[in-house]
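To find a chain, count down the sequence lines: A is the first, B the second, and so on, and within it residues start at 1.
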Amino acid sequence: MAQTKYPELLKEVSDDKEPEEGLNFIRTIIEEHNRTGRFDGKVHTRFPPEPNGWLHIGHACSILMNHKIAMDYGGIFNFRFDDTNPITEEESYVNAMIEDIKWLGVYKEYEDGTNNIFFGSGYFDQFYEYAEQLVEKGLAYVDDSSADEIKEQRGSITEPGKESPYRNRTIEENLDLFKRMKNCEFPNGSKVLRAKIDMSHPNLLMRDPIVYRILHAPHHNTGDKWCIYPMYDWAHGLEDSIEGITQSICTLEFEVHRPLYDWFLDQLTAEDGSPIFHPQQIEFAKVIISHMVSGKRVMIQLVKDGHVNGWDDPRMFTIAGARRRGVTADSLRKFMETIGVSKREKIIDQSILDHCIREDLNKKCPRVMSVLKPLKVILTNYPADKKEEIEVQNHPTIKEMGTRKIIFSKIIYIEQDDFMENPPDDYYRLSLGEEVRLKNAYLIKCEDVIREEKTGEISELHCSYRPKKEDDPKVKGTIHWISAENSIKAEVRLFDRLFVKENPMETEEGKVFTDYLNPQSLETTEALVESFLKDAKLGSRYQFERLGYFYLEPIDSKEDQLVFNRIISLRDSWTKK
RNA sequence: AGUCCCAUAGUCUAGCGGCAAUGAUACCGGACUUUGAAUCCGGCGACAGGAGUUCGAGUCUCCUUGGGACUACCA
């Protein structure tokens with residue numbers, strides 16, 4: 001009965017299902033849009049960088065988040081260059097960013113041959129037409145005031161602004177002047193096009209904001225076609241609208257721009273007189289990670305002053321730096337999901353990122369043995385001419401990774417840190433008179449310590465081994481090793497955090513952020529690695545057992561000198577004590 | 001100073017008027033282990049403060065406090 005009588009009510013009830021728990025605030029808004037049908041259920045996001053610098057890990061999180069939201073709702077993601085200022089923008093940044101997004105896995109080619117990379121400069125004609133429309137509607141005027149005068153007119157956060165003397169030019173005059181601006185009849189700075197809004201608006205951005213400025217400068221995409229260029233607030237909403245962006249997600253500092261974003265979009269109409277498409281701007285707090293910097297100026301200074309080796313230095317978490325370090329895009333994706341999204345300003349502890357990197361690498365990396373700081377060990381009871389092949393697992397739990405053979409022989413190397421003459425009680429590696437397990441091989445016992453005559457430094461160890469594994473007693477320690485027969489030398493780069501301070505930008509009295517640079521952020525050493533690695537694919541990743549995850553650096557590695565980056569060390573609950 | 005935004009464990013986060021306040025990470029224990037890893041178990045630990053609305057407030061309102069944004073012909 002009720003069904004036939006109140007079908008619409010029933011429908012309302014069934015539609016009114018509880019919103020899913022655990023949605024972040026952006027997804028909650030999207031759910032609401034979908035529920036009310038504001039965008040016909042479509043979800044189309046974008047990431048719009050200006051090509052004037054390097055993308056860093058914070059950008060990566062935003063890109064990945066925008067992409068994931070779109071994908072989860074069956075939508076579309078655009079990558080768009082917000083290239084409206086030819087003075088600061090360069091093609092080289094465009095190319096670097098494209099490389100970054102391809103690596104992140106958010107680049108998409110469509111069947112019709114197009115892709116998801118767009119340029120704000122591609123819409124310059126449309127922007128101009130819309131601006132003419134604004135003028136025609138009496139909502140914009142050409143202002144001859146100087147930059148200083150305009151600043152003066154704007155007032156301040158406590159005082160209202162004053163109207164420009166040029167504010168009441170006729171529509172015809174404005175149209176003519178604007179056209180002549182476009183035709184390059186005026187020098188830089190002599191005129192601007194301004195929106196006519198409200199000079200006493202509490203939001204400074206609404207006090208007749210500039211829409212176009214004159215800039216006689218070639219653009220990396222449009223060349224010499226234009227000598228007027230749109231301002232951010234004018235261009236941005238239009239770019240979003242033209243592309244059909246539904247949720248325009250940006251960082252908190254653009255919150256005050258939203259009224260202007262909305263105002264422009266609300267004034268404009270399409271040819272048929274209908275309002276133009278109006279996306280929803282949503283602001284969130286950007287991702288800042290402890291012990292890192294991400295400001296553009298700051299990163300440039302690090303590069304320029306030689307604190308790092310270029311903008312793709314593995315210690316800098318630019319996307320290129322992370323990539324070159326060997327970090328995977330998957331771990332960044334995991335990180336982005338782990339930290340979530342919110343409007344509260346925050347510094348995320350680097351340990352969360354570290355965990356995501358390790359988690360991903362743990363399941364992807366085959367294990368190999370490497371000795372970073374070799375200590376020679378001679379097995380006194382092992383025949384000099386004997387060699388054994390031992391078949392070992394490439395991964396402790398993922399059997400599909402297969403096995404490989406390593407060689408055991410009389411002379412091996414162990415890690416210097418794995419031997420102590422007078423160890424503390426809880427040290428369970430090798431010490432004089434004690435036994436330790438060699439990973440995948442025998443138990444050895446240290447019988448004698450040989451020293452350098454002059455320096456007194458330990459130069460080698462004499463050990464005995466237990467040939468019959470069956471009789472082995474239980475020992476607490478297992479250490480890695482490598483046979484002289486089975487090793488090659490390789491350069492290994494060990495990275496540590498670039499800054500010792502959680503937030504290097506929060507400087508104490510009389511200090512600058514570079515004072516917090518970690519002097520040990522890079523250590524280069526010559527290590528021994530298993531010799532089969534000489535044929536390994538550049539860019540492959542391994543876990544060096546007990547040491548960490550390493551990346552066969554594709555750029556600096558040479559045939560006779562491989563270079564491995566330590567992406568991240570293993571979690572270590574021993575040295576921390 | 002005006003307008004606006006934000007506030008849950010060390011860190012990040014869930015919570016949408018009724019929970020013993022979620023999960024992750026970090027940290028501390030323990031189990032397991034031929035990686036002091038991984039894995040597994042357990043523990044520590046938070047609603048900034050104050051009023052109000054309500055039978056009932058982390059959740060709604062107001063005030064206070066603290067943090068942030070805004071005064072570019074940058075984005």
Quiz item: Hey, do the aromatic rings of F408(A) and Y382(A) have their centres closer than 6.0 Å?
Solution: yes
Quiz item: Are Y212(A) and F178(A) close enough that their ring centers fall under 6.0 Å?
Solution: yes
When you get a sec, tell me which of [options] is the closest nucleotide to the side chain of [X]?
X	options	result
I210(A)	A75(B), C73(B), A1(B)	C73(B)
H355(A)	C70(B), A26(B), C12(B)	A26(B)
I157(A)	A26(B), G36(B), A1(B)	A1(B)
I352(A)	A1(B), A37(B), U11(B)	U11(B)
E89(A)	C5(B), A75(B), A72(B)	A75(B)
R213(A)	C74(B), A72(B), U34(B)	C74(B)
E345(A)	G68(B), G36(B), U34(B)	G68(B)
H257(A)	A75(B), C12(B), A37(B)	A75(B)
T338(A)	A75(B), G36(B), A24(B)	A24(B)
R429(A)	G36(B), A38(B), C12(B)	G36(B)

Given atom [atom1] of [X] and atom [atom2] of [N], what is their separation to the nearest angstrom?
X	N	atom1	atom2	result
D360(A)	U25(B)	CG	P	15 Å
L260(A)	C4(B)	CG	P	18 Å
I288(A)	U11(B)	CD1	C1'	14 Å
I347(A)	A26(B)	CD1	C1'	16 Å
Y261(A)	A69(B)	OH	P	23 Å

Quiz item: What residue among R437(A), E415(A), R546(A), E545(A) forms side-chain contact (heavy atoms from CB on, under 4.5 Å) with I479(A)?
Solution: R546(A)
Determine: side-chain N/O of [X] to OP1/OP2 of [N], distance under 4.0 Å, yes or no.
X	N	answer
S290(A)	U11(B)	no
R571(A)	C27(B)	yes
K363(A)	A38(B)	no
K346(A)	U13(B)	yes
R154(A)	C73(B)	yes
S342(A)	U13(B)	yes

Exercise. On the 0 to 90° scale, with breaks at 30° and 60°, tag the Y232(A)-F254(A) ring pair as parallel, tilted or perpendicular.
Key: tilted
Quiz prompt | F550(A) and F544(A) aromatic ring geometry - parallel, tilted or perpendicular at 30°/60° bounds | solution = parallel
Quiz prompt | Which residue lies more 5' along RNA chain B, comparing I214(A) with N24(A) via nearest heavy atoms | solution = N24(A)
[N] base / [X] side chain donor-acceptor hit below 3.5 Å:
X	N	result
R207(A)	U71(B)	no
R344(A)	G68(B)	no
R437(A)	U34(B)	yes
Q350(A)	U11(B)	no

Quiz prompt | Aromatic ring of Y232(A) stacked on base six-ring of A75(B), 5.5 Å, 30° | solution = no
Quiz item: Looking only at atom P, what distance separates G17(B) and G58(B), rounded to whole Å?
Solution: 13 Å
Quiz item: Roughly how far apart, to the nearest Å, are A46(B) and G10(B) at atom P?
Solution: 7 Å
Pairing check on [N]: which nucleotide meets the Watson-Crick or G-U wobble criteria with it, both distances under 3.5 Å?
N	value
G52(B)	C60(B)
U39(B)	A31(B)
U65(B)	A7(B)
G2(B)	C70(B)

Practice problem: Compute both the distance and the angle, then confirm whether K182(A) meets the cation-pi test with Y128(A): under 6.0 Å from the six-membered ring centre, within 45 degrees of the axis. | Solution: yes
Exercise. Test salt bridge (charged side-chain N to carboxylate O under 4.0 Å, His left out) on E32(A) and R35(A) and set out the steps.
Key: CA-CA 5 Å; E32(A) 179 67 11; R35(A) 204 178 59 74; 3.2 Å; yes
